[in-house]
Amino acid sequence: MSQLAQHPQPTASLPEPAARAAGLTKVYGKGDARVTALDGVSVDFPRGRFTAVMGPSGSGKSTLMHCLAGLDTATSGSARIGGTELSSLTERQLTNLRRDKVGFVFQGFNLLPTLTALENITLPLRIAGRRPDAKWLEVVVATVGLAGRLEHRPAELSGGQQQRVAVARALVSRPDIVFADEPTGNLDSRSGAEILGFLRDSVRELGQTVVMVTHDPVAAAHADRVVFLADGRVVDELYGPTSGAVLDRMLRFEAQGHTG
Ligand code: ADP
Ligand code: MG
């Protein structure tokens with residue numbers, strides 16, 4: 001990471017957010033196929049906070065996660081992880097940043113079927129040539145309630161347990177930020193509630209920063225704040241959300257024609 005470490009840190013008095021988008025724009029395709037997925041999004045994700053991102057299908061939620069996580073490149077504007085401007089990085093530096101600074105939880109778990117739960121959790125560290133910190137691994141495994149399941153392969157685990165493995169994998173490298181894109185989308189409501197509890201605990205007890213895309217007002221109510229996207233723009237935000245307040249906003253946006 002020596003090349004990344006050379007990037008100067010801003011010296012503003014406000015604490016630097018874990019991630020920041022400023023005027024972030026992403027255009028896919030050309031001509032008739034041209035789609036503006038992000039249309040000048042400016043949003044901060046403060047450290048140690050749990051932020052939910054909501055909005056109609058196609059409003060740019062996944063694109064925002066991908067551009068901030070270095071999984072996709074923006075067309076214009078700025079995407080930062082900590083003090084690092086992603087557009088200034090080489091492919092190699094981006095790969096290192098994704099590995100060392102970012103955790104990602106996908107809707108579809110994305111586990112390797114031939115590896116045990118423990119091997120899946122520690123794989124990113126091993127690829128990076130780092131040894132898992134045994135104490136921290138124990139904390140993470142306990143936080144997501146996987147003790148006793150570590151030798152199981154994904155096919156021997158329920159969907160909820162597989163997603164717990166994915167959450168543990170995202171947490172184990174102590175990333176600056178975890179992006180979770182509809183992490184409960186493939187789970188029954190009980191397993192979904194467990195995953196939301198683990199994500200929230202990782203913020204409250206481990207100091208993690210989490211940004212989670214969800215369609216579900218009940219899921220969003222686990223967060224400290226909800227950011228609403230529509231048509232590739234930030235249209236509203238809500239602090240200390242309750243599911244009722246979130247639902248109310250969603251219904252109001254629909255009434256205004258932001259139906260995606
Ligand atoms: P959301 O996650 O909110 O459903 P997305 O970020 O996936 O929305 O998509 C935003 C818009 O960008 C949509 O119109 C979608 O069709 C388009 N889009 C997303 N990814 C691609 C891609 N790889 N190529 C072309 N268009 C894309
Ligand atoms: Mg999406």
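We count ligands from 1, going down the list as the structure has it; atoms in each ligand are counted the same way. Side chains included, hydrogens not; waters and symmetry mates left out as well; all remaining heavy atoms used. Starting from 1, each residue takes its place in the sequence as its number.
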Quiz item: At what distance is the nearest protein heavy atom to atom 5 (P) of ligand 1, and which residue and atom is it?
Solution: T63 OG1, 3.6 Å

Quiz item: Is the count of non-hydrogen atoms from other residues, nucleotides or ligands lying under 6.0 Å from E156 atom CD greater than 12?
Solution: yes

Self-check item: For atom 12 (O) of ligand 1, the protein heavy atom that lies nearest, with its residue and separation
Solution: A37 CB, 3.3 Å

Self-check item: D224/R204 salt bridge by N-O under 4.0 Å criterion
Solution: yes

Quiz item: Taking C-beta and beyond as the side chain, do R225 and F45 meet within less than 4.5 Å on heavy atoms?
Solution: yes

Self-check item: Residue that, paired with F228, satisfies side-chain contact (heavy atoms from CB on, under 4.5 Å) out of M250, R233, K61
Solution: M250

Exercise. List the closest protein heavy-atom neighbour of atom 3 (O) of ligand 1: residue, atom name, distance to the nearest 0.1 Å.
Key: K61 NZ, 2.7 Å

Quiz prompt | Atoms of the protein (N/O/S only) found under 2.8 Å from the Mg ion (ligand 2) | solution = S62 OG

Quiz item: Looking at atom 27 (C) of ligand 1, what's its closest protein heavy atom, distance included?
Solution: Y28 CD1, 3.2 Å

Quiz item: Of the protein's non-hydrogen atoms, which lies at the shortest distance from atom 10 (C) of ligand 1, and what is that distance?
Solution: G58 O, 3.4 Å

Self-check item: atom 16 (O) of ligand 1 - nearest protein heavy atom and its distance
Solution: V35 CG1, 5.0 Å

Quiz item: With hydrophobic residues grouped by side-chain heavy-atom distances under 4.5 Å, do L137 and V139 end up in a single group?
Solution: yes

Quiz item: How does A33 reach ligand 1, if at all, at less than 4.0 Å between non-hydrogen atoms: by side chain, backbone, both, or neither?
Solution: neither

Practice problem: Let me know which of D72, D39, T75 forms a side-chain hydrogen bond (donor to acceptor under 3.5 Å, both in side chains) with K26. | Solution: D72

Quiz item: Is atom CZ of R200 surrounded by more than 12 heavy atoms (other residues, nucleotides or ligands) closer than 6.0 Å?
Solution: yes

Quiz item: Does CZ belonging to R130 count more than 12 external heavy atoms closer than 6.0 Å?
Solution: yes

Quiz item: Which protein heavy atom lies closest to atom 7 (O) of ligand 1, and at what distance to 0.1 Å?
Solution: S62 CB, 3.8 Å

